[in-house]
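Each remark here refers to the structure printed beneath this line.
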Amino acid sequence: MKRKPAGSGAKERAGKRMARLSLSACVHCAICADSCFMFRRSGSDPTYSPSYKAINSIGRIIARRGRLTEAEWAEAQDLAWNKCVLCMRCYCPIGISIPTLIAHARSACRERGYYRTWGSA
Amino acid sequence: MRPRSGASFFLLLTAAVALAQEPDVTASATSTALDSAPPDSTAAVSEASVDWAPGSTLVHRVDAFVTRSDLRAGVLLSDREAPRVRFSHGLHAQAGVQCAQCHHTGTPEQGKGQACAECHKGAAGVETMHAACITCHRDRGVGPVTCNDCHRERDAGIESLVRFDLYDLLRGPVFIAAWVVFALGCLYRASQFIRLTVRAKRTAVAGGSRGDGRADRGFLGKGRSAPGRLLLGIKVRIRNTILGSNPVMASVSLMFHILLFLAPLLLPAHNTLFDLTFRVSLPSLPERLVDWFTVVLLGAGGFFLLRRLLIPRVRALTTARDWAVLALVMAPFVTAYLAYHQVLDYRIMLATHMAVGELVIAAIPFTAIGHMPFILFARFFASGEYAWKPGNRRWR
């Protein structure tokens with residue numbers, strides 16, 4: 001059976017649209033930060049705030065249509081796999097599903113070969 | 001003569017300015033009638049007998065005749081400021097208005113030496129005179145019915161560029177266009193939400209909502225009075241929201257968002273326009289109070305600005321887009337405040353206020369202000385732990 005190229009299926013398209021819709025509504029208020037235990041445990045490192053992780057992974061991947069530099073892919077990988085454990089506890093005041101965004105970021109990263117390896121982080 | 005249709009607002013604005021510079025037949029006819037009309041005896045007399053502040057067009061004219069004993073007798077001051085009414089006896093005579101319709105007596109001579117406001121005092125006087133003018137204009141289908149068309153200063157200098165064409169345009173077609181864009185944009189966003197979600201089975205987690213403290217009342221509520229129990233419930237509820245975890249940001253934001261709706265909806269000036277257009281309006285709050293609302297809104301805007309600059313987690317997310325959105329949301333309130341307090345040129349400020357206000361309305365579905373429709377989908381139609389009324393949809 002012939003497989004479709006990765007990222008072109010209906011599921012991926014829906015994911016992209018969902019992320020674009022959600023991130024267009026995001027006001028960058030950073031209220032989500034406090035709800036992330038990794039943010040709190042990191043000593044309030046801004047790169048751990050849930051919205052930062054979503055915007056600089058899936059947000060950037062979509063905005064640039066996947067044309068990221070090596071370093072940017074590595075950052076997206078770090079944000080989506082190492083700085084988020086998908087615990088689903090983050091709270092967005094306007095109801096954006098941040099875990100869904102991070103899950104999409106993981107899918108996009110995985111397609112490019114950027115995923116969690118036992119050696120990383 | 002007036003550009004009633006067009007592609008973009010800026011084209012219309014340019015066109016309106018260009019038109020205003022051209023000799024406008026109606027406008028020049030009006031101003032000729034105003035200027036060349038012989039100094040009307042009644043107008044001259046009443047003007048002399050009224051206590052005009054020298055050089056000022058902002059006079060509480062209807063309040064000028066209110067005496068102390070009137071106040072004791074319960075006469076209310078109008079307390080409203082507006083440029084004096086530009087009135088032409090010539091135009092009204094031409095339109096066939098009988099003297100007695102306004103002057104009570106057969107000829108203007110008989111009312112000589114008496115200003116309308118001598119009897120029609122204070123707040124009630126405003127109502128009487130507004131009703132007399134506006135009702136007649138409305139019934140006849142001619143003559144101004146909106147504030148600025150009567151309460152206007154003489155066109156001069158750059159002011160003349162912002163003429164009635166632009167005001168009418170912003171009050172009419174551009175206003176409607178802004179709401180049409182808003183409505184279509186929201187429908188588009190709603191359709192996106194529906195297409196990108198599927199019906200979800202309700203699970204215990206997805207269907208549940210945060211604890212409301214009710215379960216605890218059996219233990220802690222014992223021995224407390226009913227109000228005490230209620231207070232405990234409220235305390236528990238609040239502590240478990242961002243009002244509890246981030247009280248400063250949450251309360252500023254809550255107040256900002258409440259006033260963002262209340263201030264424009266309950267402003268007397270907006271309701272007057274609404275009433276003139278649709279003959280219905282919402283209740284109005286006192287102008288002074290809404291003015292304070294605006295001050296609070298501007299303060300909250302300043303708070304958001306400082307937060308963006310000073311708090312690392314917010315700064316890390318901040319892009320040019322966020323500054324643009326903040327500026328866009330605050331612009332109608334800044335211009336409203338400046339216009340109301342007559343700082344800088346009133347007419348230009350008012351036109352700017354209307355233009356940016358309408359721009360914001362149209363921009364809501366397409367910018368980050370789109371969190372306004374978004375929050376409704378997310379809180380009422382999507383399943384989730386944080387939904388207020390969990391719906392039955394989840395993202396694909």
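The chains referred to below are lettered A, B, ... by the order of the sequence lines, with proteins before strands, and numbering in each begins at 1.
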Give, for atom OG of A:Ser22 and atom CZ of B:Phe193, the distance between the pair rounded to the nearest 0.5 Å. 9.5 Å

Heavy-atom pairs under 4.5 Å with chain A - which of B:Ile369, B:Leu376, B:Val314, B:Asp322 has more of them than the others? B:Asp322

Working for side-chain contact (heavy atoms from CB on, under 4.5 Å), residues B:Leu317 and A:Ile55: CA-CA 8 Å; B:Leu317 298 172; A:Ile55 290 162; 3.9 Å; yes

When A:Gly15, A:Ser49, A:Ser51 are compared by non-hydrogen pairs under 4.5 Å with chain B, the top option: A:Ser51

Would you mind checking which part of A:Phe39 comes under 4.5 Å of any heavy atom in chain B, side chain (CB onward), backbone (N, CA, C, O), both or neither? side chain

With only heavy atoms counted, which part of B:Thr367 is less than 4.5 Å from chain A, the side chain, the backbone, both or neither? backbone

Looking at B:Phe381, I want to see if its CZ is surrounded by more than 12 non-hydrogen atoms of other residues, nucleotides or ligands under 6.0 Å. no

So, taking the atom named OG1 in B:Thr319 and the one named NE2 in A:His28, what distance separates them when rounded to the nearest 0.5 Å? 5.5 Å

NE2 of B:His371 to SG of A:Cys26: how many Å apart, nearest 0.5 Å? 10.0 Å

A:Leu21 versus chain B, the contacting section by heavy-atom distance below 4.5 Å: both

Per-residue contact mode, B:Ile375 against chain A (heavy atom under 4.5 angstrom): both

Can you tell me how far apart SG (A:Cys29) and CG (B:Asn246) are? Round to the nearest 0.5 Å. 9.5 Å

Interatomic distance, CH2@B:Trp395 vs CZ@A:Arg17, rounded to 0.5 Å, equals 12.5 Å

May I ask you to test the B:Arg315-A:Pro46 pair for a side-chain heavy-atom distance under 4.5 Å? no

Side chain / backbone / both / neither for B:Arg308 at chain A, heavy atoms under 4.5 Å: side chain

Looking at A:Ile94 and B:Ala378, what are the two nearest heavy atoms and their distance? O-CB, 3.4 Å

Where does A:Ser24 contact chain B at under 4.5 Å (heavy atoms): side chain, backbone, both or neither? both

Count the heavy atoms of every other residue, nucleotide or ligand shown that sit under 6.0 Å from CZ of B:Arg321, and state whether that count exceeds 12. yes

Kindly check if the number of other-residue, nucleotide or ligand heavy atoms within 6.0 Å of CZ (B:Phe366) is above 12? yes

Chain B contacts, top residue of A:Pro93, A:Ser35, A:Ala33 (heavy-atom pairs, under 4.5 Å): A:Pro93

Please look at B:Val325 and chain A and tell me whether the side chain, the backbone, both or neither of the residue comes under 4.5 angstrom of a heavy atom of that chain. neither

Segment of A:Ile96 engaging chain B (4.5 angstrom heavy-atom cut-off): both

Using non-hydrogen atoms only, which part of A:Arg20 is less than 4.5 Å away from chain B: side chain, backbone, both, or neither? neither

More than 12 heavy atoms from other groups under 6.0 Å of CH2 on B:Trp323: yes

For A:Thr47, which atoms come within 4.5 Å of any heavy atom of chain B: side chain, backbone, both, or neither? neither

Side chain, backbone, both or neither: which part of A:Cys90 has a heavy atom under 4.5 Å from chain B? backbone

Between B:Arg313 and A:Asp45, is the closest basic N to carboxylate O distance under 4.0 Å? no

Report the distance from atom CD1 of A:Ile31 to atom OG of B:Ser245, rounding to the nearest 0.5 Å. 8.5 Å

Under 4.5 Å to a heavy atom of chain A? For B:Arg307 that would be side chain

